[in-house]
2 protein chains.
Amino acid sequence: MPAESDCTEMLDSETKAVETPEDHADELRLWLRLLTCTTLIEGEVRGRLRQRFDVTLPRFDLMAQLDKAPDGMTLSDVSKRMMVSNGNVTGLVERLVESGHLDRRTSETDRRVQVIRLTKLGRAEFRKMAAEHETWIADLFADLSPKDVRELMRLLAKTKSSAQKSAARRRA
Amino acid sequence: MPAESDCTEMLDSETKAVETPEDHADELRLWLRLLTCTTLIEGEVRGRLRQRFDVTLPRFDLMAQLDKAPDGMTLSDVSKRMMVSNGNVTGLVERLVESGHLDRRTSETDRRVQVIRLTKLGRAEFRKMAAEHETWIADLFADLSPKDVRELMRLLAKTKSSAQKSAARRRA
DNA sequence: CCGAATTGTTTTAAGCCTAAAATGTTTTCA
DNA sequence: TGAAAACATTTTAGGCTTAAAACAATTCGG
């Protein structure tokens, strides 16, 4: 048992290499808690969307992206924004075009590109859903003070950037 | 435009009822950021598990639950712990039994119940994966100081309890 | 004790999701 | 210019996921 179990610098080993198997239990717990929160909230939102509007969460998310882009988006844009695979978007869009919520057309200037937009119907339905959705979220986070919210925002921003860097390191 | 846009108490309206459409943009942004972090990290872990061990994230998660329960768990327990549907667990277990990682038997005392355990192979493989997995998580959160980690843990605990209460309110 | 509610699991139908390969289009650059 | 690289999307194969219905076993209340 090491005398100083929480040290971050390894003064007693010659190199900084993997001598002592470091303890990362806290980070692991943090990750599990983060995952729990997200799963909990996501499940709740999914259920409410289905019950109240008979719509799936992925469809709602896609429409939310498009609502912010009146001039439309390409499938790639959507895929990056939603952080899902290209093929996934293809299928989602297919179903939303089918149901009349989306309009899809090939770009005039680049025939590889598909531009999608919300139809009038799609936009109207989304706005209705979004208004209620916002109150659900507010309720789900109701116990957090404005200060908590700010602090959580800050720490999650740091988390995001940390994870992005780690992902970039791996790809390198 | 209200003079005091960030007030939480509505001193100027007769009742506390839904007079002014309150602004919950901050909570919404918080939720999106939470979701982004989780999606980012989850995707990274999923990719590393596949590349390194040719295993899917749900399989890993299920094995993680069982590793903590040497005497096995029932499918319901697993379903609750993983926060996924029952039918989902049925399928996952089927595939993991098939590949020799899990052992499944009907309870002696209640013939409705299926008890599943890691096999020797399953436990050995999981331990190998878990060790590496922990270093990935540590790396993904590397930019967070110990204090950040503690603070995030605290705020996420608060978030979880808030969301659970909200979910309970809805079910009521 | 027996019917009704409850509990644990599986099945079903539909949709979501991914990685990888395939297809078609545009850009790059030698 | 024309082959090669890069890009946008679709297809494919397989697995994950859910909600709801169906099935089976146990428990509960009268």
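Small disclaimer: the values here were computed from a predicted structure and weren't measured. Order of the sequence lines fixes the chain letters, A, B, ..., with proteins taken first and strands second; residue numbering starts at 1 for each chain.
As judged by a 4.0 angstrom heavy-atom cut-off over every strand, A/S79 is placed among residues making no nucleic acid contact. Counting non-hydrogen atoms under 4.0 angstrom, B/S76 reaches the backbone sugars and phosphates but no base.
Here the shortest heavy-atom pairing between A/E134 and B/A25 reads OE2-N, 4.0 Å. Closest non-hydrogen pair, A/A69 versus A/M73, comes out as CB-CG, 3.5 Å.
Between the CZ atom of A/R105 and the C1' atom of D/dT9 there is a distance of 18 Å, rounded to whole Å. The distance from atom CE of A/M82 to atom C1' of D/dT9 is 16 Å, rounded to the nearest whole Å. The CG-P distance, from B/L62 to D/dG15, rounds to 16 Å in whole Å.
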Could I get a table of every N or O pair under 3.5 Å where one atom is in the protein and the other is in nucleotides 25-29 of chain D?
| residue | atom | partner | partner atom | Å |
| --- | --- | --- | --- | --- |
| D/dT26 | OP1 | B/R111 | N | 3.2 |

Between the protein and nucleotides 10-13 of chain D, which nitrogen or oxygen pairs come in under 3.5 angstrom?
| residue | atom | partner | partner atom | Å |
| --- | --- | --- | --- | --- |
| D/dT10 | OP1 | A/R104 | NH1 | 2.8 |
| D/dT10 | OP2 | A/T90 | OG1 | 2.9 |

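Salt bridge annotation for A/E125-A/K128: absent, with no cationic side-chain nitrogen under 4.0 angstrom from a carboxylate oxygen. Using a 4.0 Å cut-off between a side-chain N of Lys or Arg and a carboxylate O of Asp or Glu, B/R150 and B/D148 do not qualify as a salt bridge. Ionic pairing of B/D61 and B/R59 is not present here: no N-O contact between side-chain nitrogen and carboxylate oxygen is shorter than 4.0 angstrom.
For DNA chain C, the residues of residues 47-55 of chain B within the heavy-atom distance limit of 4.0 Å (strictly under) are B/R50, sorted by number. Using a 4.0 Å cutoff on non-hydrogen atoms, no part of residues 162-172 of chain A comes near DNA chain C.
Within the structure, every pair that satisfies the salt bridge (charged side-chain N to carboxylate O under 4.0 Å, His left out) test and touches residues 159-172 of chain B, not counting sequence neighbours, is listed here: A/E44-B/R170, A/D139-B/R169, A/D143-B/K165. For residues 79-101 of chain B, no residue pair satisfies the salt bridge (charged side-chain N to carboxylate O under 4.0 Å, His left out) rule, not counting sequence neighbours.
Not counting sequence neighbours, the partners of A/R112 by the salt bridge (Lys or Arg N to Asp or Glu O under 4.0 Å) test are A/D110. Remark: B/R117 engages no residue in a salt bridge (Lys or Arg N to Asp or Glu O under 4.0 Å) (not counting sequence neighbours).
Taking Ile, Leu, Val, Met, Phe, Trp and Tyr as hydrophobic and joining them when side-chain heavy atoms fall under 4.5 Å apart, one finds A/V115 in a cluster with A/V113. Side-chain heavy-atom separations under 4.5 angstrom define the hydrophobic clusters, and A/L121 shares its cluster with no other residue.
Remark: A/F60 CZ to A/M129 CE distance equals 6.0 Å, nearest 0.5 Å.
Side chains of A/T109 and A/S107: a donor on one and an acceptor on the other come within 3.5 Å.
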Between side-chain atoms of residues 82-92 of chain A and protein atoms elsewhere (two or more places apart, or another chain), which donor-acceptor pairs fall under 3.5 Å?
| residue | atom | partner | partner atom | Å |
| --- | --- | --- | --- | --- |
| A/S85 | OG | A/N88 | N | 3.4 |
| A/N86 | OD1 | A/S79 | OG | 3.0 |
| A/T90 | OG1 | A/N86 | O | 3.4 |

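Without hydrogens or angle criteria, B/S166 side chain to B/S162 main chain gives no donor-acceptor distance under 3.5 Å.
The footprint of chain B on DNA chain C, defined by a heavy-atom cutoff below 4.0 Å, extends from C/dT7 to C/dA20.
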